[in-house]
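Both ligands and their constituent atoms are indexed starting at 1 by order of listing.
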Amino acid sequence: MKHLLKMMDLSAEEIIEILNLADQLKYEQKHGIPHNHLKGKTLGMIFEKASTRTRVSFETGMYQLGGYPLFLSSNEMQISRGEPVEDTARVLSRYLDGIMIRTFKQEEVEKLAEYGNIPIINGLTDYCHPCQVLADLLTVREYKNKLNGLNMCYIGDGNNMANSLIVGCLKVGMNVSVACPDGYHPDKTVLDFTKDYKNFRLTSSPKEAAENADVLFTDVWASMGQEGEAEKRQIAFKGYQINDEIMSVAHGDSMVLHCLPAHREEEITAKVFEEHANEIFDEAENRLHAQKAVMVKLMG
Ligand code: CP
Ligand code: NVA
């Protein structure tokens, strides 16, 4: 494993190795056991989109590992004035030990990896969000003590979260049911990937997808960069909501997760959100532990 560009690149074994290391690092942090695995290393963090969790968890995580996190707002870099990503990659490779990037195009992340010679971590693109899904799997395993054989359901936009969840959950042996409205399906590359899996279902019915679910996921109807489509999406996604009616067909002890930020009364009701707030905020915390594991694996 040289980079973390998308879930598709990871084997099931690599995913489990990252989760196991994350558990260990979480234990060490909670018990005050030093874990300076990245002493003297620097991580550059390029942000072309807003962030609360990703920025703070990477920055804090790098500090806890004894390294130095360098926040780089893309609009203050020459990249915003047209310097090619190919050149940026080769320059930053001379200074840094790794780069985390959040941007629009997946292509840009892949190019950084191709032209640079340091590990690249995808902190979200329009296509995928692998760091979030590693934290999600860590959280599900904490609550359910297993992953293999669990029924997962995703309701909403076939966006970056859906793309990474489908691939990640199938790889670890979960049964995956996804409900998206027509015209908002997951990416074609992801649907092609699912063809090898009998335990994958795509439907337009949220209730059908939620039946017997052990864990339910959703995400915003309009992602970063899609603000202009918000009104149109409000109409398209009506009914694609995790609410009491949906929860009534899921398992009695099912979990609800949300990558956050959440829009209450859109993709999830405030009631269901608050009933599952412990899980959702454990999930947010686990960004820290999962990403520390990724950094140690790639940069240690
Ligand atoms: N879930 C997530 O990636 O949050 P931020 O956008 O706050 O980083
Ligand atoms: N789908 C959302 C996820 C945010 C973490 C977005 O891309 O804005």
Revision key, fill the gap. Note: Lys49, heavy atoms under 4.0 Å from ligand 1, region reported as neither
**Study point:** Exercise: do Asn20 and Arg141 side chains pair donor with acceptor under 3.5 Å
**Key:** yes
Check your understanding: Looking at Thr52, which atoms of ligand 1 are within less than 4.0 Å of one of its heavy atoms?
Key -> 5 (P), 7 (O), 8 (O)
Review point. If you measure every N/O of Met224 against every N/O of ligand 1, is any gap under 3.5 Å?
Key: no
Practice item. For atom 3 (C) of ligand 2, grab the closest protein heavy atom and report residue, atom and distance to one decimal in Å. Key: Asp219 OD2, 3.6 Å
Review point. Taking atom types as modelled, is there a side-chain donor on Glu48 or Thr103 under 3.5 Å from an acceptor on the other?
Key: yes
**Study point:** Atoms in ligand 1 flagged as close to Leu260, the criterion being non-hydrogen separation under 4.0 Å
**Key:** 1 (N), 2 (C), 4 (O)
Exercise for review: Determine, considering heavy atoms only, which of Ser57, Cys131, Ala50, Cys259 sits nearest to atom 1 (N) of ligand 1.
Suggested key: Cys259
Revision key, fill the gap. Under 4.0 Å from one or more heavy atoms of His129, ligand 1 contributes atoms 2 (C), 3 (O)
Practice item. Considering only non-hydrogen protein atoms, determine which one is nearest to atom 2 (C) of ligand 1 and report residue, atom name and distance to 0.1 Å. Key: Arg287 NH1, 3.2 Å
Review point. Should the pair Glu108-Arg102 be classified as a salt bridge under the 4.0 Å nitrogen-to-oxygen rule?
Key: no
Check your understanding: Is it true that Lys105 and Asp126 make a salt bridge, defined as a side-chain N closer than 4.0 Å to a carboxylate O?
Key -> no
Practice item. Measure from the ring center of Tyr68 to the ring center of Tyr63 and say whether it is less than 6.0 Å. Key: no
Exercise for review: Pull out every atom of ligand 1 sitting under 4.0 Å from any heavy atom of Arg102, numbered as shown with elements.
Suggested key: 2 (C), 3 (O), 5 (P), 6 (O), 8 (O)
Check your understanding: Looking only at heavy atoms, is any part of Leu260 under 4.0 Å from ligand 2, and if so is it the side chain, the backbone, or both, or is it neither?
Key -> backbone
